[in-house]
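Owing to the predicted nature of the structure, the values given are computational and were not obtained by experimental measurement. Along the sequence shown, the residues carry numbers beginning at 1. All ligand and atom numbering here is 1-based and tracks the order in the structure.
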Amino acid sequence: MAAKIISGTEIAKQIREEIKEEVKSLKEKHNLTPGLVTILIGDNPASVSYVTGKQKTAKELGFYSVQDNQPADITEDQLLALIDKYNKDPLIHGILVQLPLPKHINENKVLYAINPDKDVDAFHPVNVGKLMIGEANYYPCTPFGIQQMLIRSGVQTDGAEVVVVGRSNIVGKPIAMMMAQKAKGANATVTICHTGTKNLAEHTRRADILIVAAGRPKAVTADMVKEGAVVIDVGVNRIGMTPEGKAILCGDVDFEAVKEKASMITPVPGGVGPMTITMLMLNTVKAAKVAHGLA
Ligand code: NAP
């Protein structure tokens, strides 16, 4: 039987409705409006499109939102001063610096300058460390979205074999660490695979929940998946263009073949993608509450 499709679009919509209600209530009860600044350096088309999407969502949800566009030749010191300004701005609760940054700027230096309480991307070492010890204020947006999809789809994670393909700092490592925590929507036995893994299929075939974030089109084929597994495809690969100039996307999983074997699967597009921005909004609401002693 074909797998149930886990629609990130639908789940994200549901969570956005919940956020809207919470924003309304924060305004009414506490005169508090969550504030998000997105800092964009230069005009890389992909970055412009990501930042525009984030700002549009923030506005739709009733946030105070600022888009701060800076030229590609901004100096590192100027950018650090800008972050310092937003660190001190009481109307701004979340600061997002759109990556990648131009080569002359040290990315880590910039990310580490963000006040951890305003670090809604959860890339600051303080937040990475808190996640590791099970005391996270914020979860990085994509792993947070994956976990919410599992919880809201009723997937049993307790005691499950979770196999993560990919060990990046933004997806693979944090989702593996989150799934291994003694917590709701977690408590799983976790394996992390990467390019050094010998016989990848031997590991993926053991997975009750297979999370793939490799950035390789159709790297996971049906023979690598256990019958009845839940498959979360994080990959977004541009494999061509439509005649209208729209990117043709595919995931890291051979969706058509794997959906015949899995019990649940996320599509690309419409799977993990829509969840990521929504989780950024959830983190910003949390940051506003933290700043006002309400969390
Ligand atoms: P990344 O930094 O390139 O990391 C890819 C990871 O996959 C690396 O750890 C790499 O191993 C591993 N890998 C690559 N090929 C492999 C293979 N054949 N077998 C086993 N492991 C393999 O990528 P990322 O930033 O984590 O992103 C992964 C994918 O998710 C990309 O397609 C990206 O566009 C997408 N993504 C989507 C969202 C979303 O919101 N939907 C958000 C973030 C990322 P090594 O460490 O050994 O090199």
Side-chain angles (χ1 to χ4, degrees), residues 5-12 15-16 38 44-47 49-54 57 96-101 107-108 111 120-123 128 131 138-150 162-179 190-207 210-221 223-225 231-240 247-255 258 265-283:
I5 309 295
I6 302 178
S7 168
T9 309
E10 281 307 311
I11 298 172
I15 298 174
R16 285 179 201 194
T38 47
N44 172 297
S47 295
S49 138
Y50 290 141
V51 165
T52 307
K54 287 165 188 171
T57 308
L96 182 134
V97 179
Q98 186 63 48
L99 302 179
L101 295 177
E107 212 160 87
N108 283 347
L111 295 179
V120 284
D121 251 342
F123 292 160
V128 175
L131 187 155
Y138 309 114
Y139 295 108
C141 302
T142 301
F144 192 12
I146 295 169
Q147 192 180 41
Q148 282 300 311
M149 289 174 103
L150 293 172
V162 170
V163 176
V164 179
V165 183
R167 59 176 161 192
S168 72
N169 289 334
I170 61 165
V171 189
K173 279 185 210 155
I175 189 62
M177 197 44 63
M178 286 163 68
M179 296 310 295
V190 181
T191 304
I192 308 179
C193 300
H194 41 75
T195 57
T197 300
K198 285 182 193 150
N199 202 344
L200 179 66
E202 229 170 59
H203 295 282
T204 58
R205 273 198 288 266
R206 276 193 298 103
L210 178 60
I211 301 171
V212 190
R216 301 279 180 277
K218 299 188 184 180
V220 169
T221 48
D223 59 310
M224 297 167 74
V225 177
V231 179
I232 306 289
D233 188 354
V234 188
V236 179
N237 305 289
R238 285 174 177 76
I239 53 165
I248 302 170
L249 302 179
C250 99
D252 291 348
V253 173
D254 182 355
F255 180 82
V258 172
I265 189 167
T266 61
V268 178
V272 176
M275 295 295 290
T276 299
I277 291 189
T278 303
M279 295 303 116
L280 173 71
M281 302 303 144
L282 210 51
N283 279 346

What is the closest protein heavy atom to [atom], and at what distance does it sit?
{"atom": "atom 29 (C) of ligand 1", "answer": "G215 N, 3.7 Å"}
{"atom": "atom 30 (O) of ligand 1", "answer": "V234 O, 3.4 Å"}
{"atom": "atom 32 (O) of ligand 1", "answer": "V236 N, 3.0 Å"}
{"atom": "atom 25 (O) of ligand 1", "answer": "I170 CD1, 3.6 Å"}
{"atom": "atom 17 (C) of ligand 1", "answer": "T195 CG2, 4.4 Å"}
{"atom": "atom 46 (O) of ligand 1", "answer": "R167 NE, 2.8 Å"}
{"atom": "atom 40 (O) of ligand 1", "answer": "T276 OG1, 2.7 Å"}
{"atom": "atom 3 (O) of ligand 1", "answer": "A214 O, 4.6 Å"}

When you compare the side chain of [Y] with that of [X], does any pair of heavy atoms fall below 4.5 Å?
{"X": "I15", "Y": "M279", "value": "yes"}
{"X": "R238", "Y": "L249", "value": "yes"}
{"X": "I146", "Y": "V272", "value": "yes"}
{"X": "L131", "Y": "P140", "value": "yes"}

request  = For T278 and A12, work out which heavy atoms get closest and say how close.
outcome  =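 Of all heavy-atom pairs spanning T278 and A12, the closest is OG1-CB, 3.5 Å.
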query = Should the proximity of H194 to ligand 1, defined as any heavy atom under 4.0 Å, be assigned to the side chain, the backbone, both, or neither?
reply =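 The answer is both.
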remark   = Honestly, for T142 the part within reach of ligand 1 (heavy atoms, under 4.0 Å) is side chain
Considering the heavy atoms of [X], write down every atom of ligand 1 situated less than 4.0 Å from one of them.
{"X": "V165", "value": "20 (C), 21 (N)"}
{"X": "G273", "value": "40 (O), 41 (N)"}
{"X": "S168", "value": "2 (O), 4 (O), 9 (O), 24 (P), 25 (O), 26 (O)"}

message = As a check for students: among V171, L200, T204, identify the option with a heavy atom nearest to atom 19 (N) of ligand 1.
response = L200
ask   = Taking atom 6 (C) of ligand 1 as the point of reference, which of P217, C193, G166, G251 owns the nearest heavy atom?
value =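 Of the listed residues, G166 has the closest heavy atom.
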query = Quick one: does A219 get a heavy atom under 4.0 Å from ligand 1?
reply = no
Backbone N/O of [Y] and side chain of [X]: donor-acceptor pair under 3.5 Å:
{"X": "E107", "Y": "L101", "value": "yes"}
{"X": "D233", "Y": "T266", "value": "no"}
{"X": "N283", "Y": "Y139", "value": "yes"}

query = What pairs with R206 under salt bridge (Lys or Arg N to Asp or Glu O under 4.0 Å), at least two apart in sequence or on another chain?
reply =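 Scan of R206 (salt bridge (Lys or Arg N to Asp or Glu O under 4.0 Å), adjacent residues dropped) gives E161.
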request  = Kindly write out the residues that satisfy side chain to side chain contact (heavy atoms under 4.5 Å, CB included) with I5, not counting sequence neighbours, or none if the list is empty.
outcome  = F255, I265, P267
